[in-house]
Asker: 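For reference, the structure I am asking about is given below.
Small disclaimer: the values here were computed from a predicted structure and weren't measured. For ligands, and for the atoms within them, numbers begin at 1 and follow the listed sequence.
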Amino acid sequence: MSHAAAQKTLKEKYADVYAYTNKVLALIAKEEITKEEAEWVTKETVDNFRDHVNPGFLAYRKTVTKEGQFAAVEWKDAGPNSFMDVNGKEYIDCLGGFGIYNVGHRNPKVLQAVINQMNRQPLHSQDLLDPLRAMLAKILADITPGNLKYSYFANSGTETVEAAIKLAKMHTGRTTFIATTRAFHGKSLGSLSATSKAVFRKPFLPLIPGFRHVHFGDIDMMRKTFETCALVGEDVAAVILEPIQGEGGVNLPPDGYLKQVRELCDQFGALLIFDEVQTGMGRTGKMFCCEHYDVVPDIMCLAKAFGGGVMPAGAVIATEEVFKSFFPNPFVQTTTFGGNPLACAAAIATFNVLIEENLPARAEELGEYMLKGLREAAAAHPDKVMEVRGKGLLIGVEFHSDEIGYEVSKGLFDNGVLVAGTLINAKTIRIEPPLTITYEQADRVISTFKKVLPQVNV
Ligand code: PLP
């Protein structure tokens, strides 16, 4: 706190905060803002990120130049597949909020469902039975593969993983979990135990006990770990996996791997948890990624695009056999806002749109188109690009170094295409646009990639 702020009386502080809130509320209410207002917004945003959010964000985002002279500050959505910064520059959104915007930005049906619900009752009483939660749970039981039947709702991906871990512990009475290298399951302490990246885990060790990591895709290592755990009396409660790893760099499982993991789980009496937080909701060309591999988990986690790009929402869905551990006391796992009516309205509308617009199939088609185009562009630059891979509209471009990836993602950004890739994590950039991306926009992404690649010199 500055010296001047410390000197203020409580009354003066409240007056200042009140005036500031009025100014911000007036801005939020505006459809268009002036150039002066845009400048004010940019300055306030950069200053407050530096002084009150975390200056670290300014240091590594490609959207901010070193001395902060230029900072792209987002302001509004510009269409289903793009957004606009505060200065009116438009970007094709190929980051898609790391997979939030499967049905596009501000999908009108999702938005309307949320507005309708907001006008009637935004949040629930917490005591009466809330209808949309019940209806959404039925939809999930109907649409997910196998016998997945009961749902618990949360607000984020990491919370769904926490709930999945608890379910597995309660159902099996065991405490050992097998996760994989390069996995990402979230950053709260439970899900972080399953996440593999050292830089996220190390400062917080020890995490919850009982987690072992094996190489993703290495079925022999998985088998040996199962065997070892059984031999030492630490039987495995569950294996947790992303069917295709997202955050870890779009890593596809080797042929037959997921089926073999399922078999091992069955052999050793363990559960299989699929974390489809990023791969679900049509992203990879099927409604759920596991459908490509014909493998059904006992527990599935959904979040990100589950809220239709409008509401934060997540769900864990499990078989009755597994979920019944929560029956005697449903309060063993709750969260105040989980399954709130706005989130449920958004998720119900999202399934409606995914089906009506046949978006999983569209993801498959556009994904193949983009993969082909990006591969052709990359073929001329084997010194820079190692591989272009993916399924549906979950695409990864792997470079020979973080530096090359960062320069490419920055070049794309300067040319109006946002992809995932930051200064500290750009060896594989992710391209995951809304599933509603048009061929014309896909062509622009490919041609921009083609243009930027030769310009990169690191
Ligand atoms: N699981 C997977 C597969 C994810 O990709 C993510 C987020 O990137 C999470 C879990 C965590 O979700 P959240 O950031 O909503 O907590």
Asker: Between Lys109 and Glu356, does any side-chain N to carboxylate O distance fall below 4.0 Å?
Answerer: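 Judged by the 4.0 Å cut-off on N to carboxylate O distance, Lys109 and Glu356 do form a salt bridge.
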
Asker: Using 30° and 60° as the class boundaries, would you call the ring planes of Tyr91 and Phe83 parallel, tilted or perpendicular?
Answerer: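 Geometry flag for Phe83 against Tyr91: parallel rings.
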
Asker: With sequence neighbours excluded, what pairs up with His105 under the ring-ring contact (aromatic ring centres under 6.0 Å, His included) test?
Answerer: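 Per chain and number, His105 pairs via ring-ring contact (aromatic ring centres under 6.0 Å, His included) with Tyr101.
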
Asker: Taking Ala315's backbone N and O only, do any of them form a donor-acceptor pair with Thr160's side chain (distance below 3.5 Å, no angle check)?
Answerer: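 Not a single qualifying donor-acceptor pair exists.
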
Asker: Any chance the rings of Tyr257 and Tyr293 have centres within less than 6.0 Å?
Answerer: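 They do not qualify: ring centres at least 6.0 Å apart.
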
Asker: Salt bridge between Asp220 and Lys224, side-chain N to carboxylate O under 4.0 Å?
Answerer: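 Result for this pair is no, no salt bridge flagged.
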
Asker: For a distance cut-off of 3.5 Å, show me each N or O of ligand 1 paired with any protein N or O, plus the separation.
Answerer:
unit_1   : atom_1 : unit_2 : atom_2 : d
ligand 1 : 1 (N)  : Phe184 : O      : 3.4
ligand 1 : 1 (N)  : Asp275 : OD1    : 3.2
ligand 1 : 1 (N)  : Asp275 : OD2    : 2.6
ligand 1 : 5 (O)  : Gln278 : NE2    : 2.8
ligand 1 : 8 (O)  : Lys304 : NZ     : 3.0
ligand 1 : 15 (O) : Gly157 : N      : 2.8
ligand 1 : 16 (O) : Thr158 : N      : 2.8

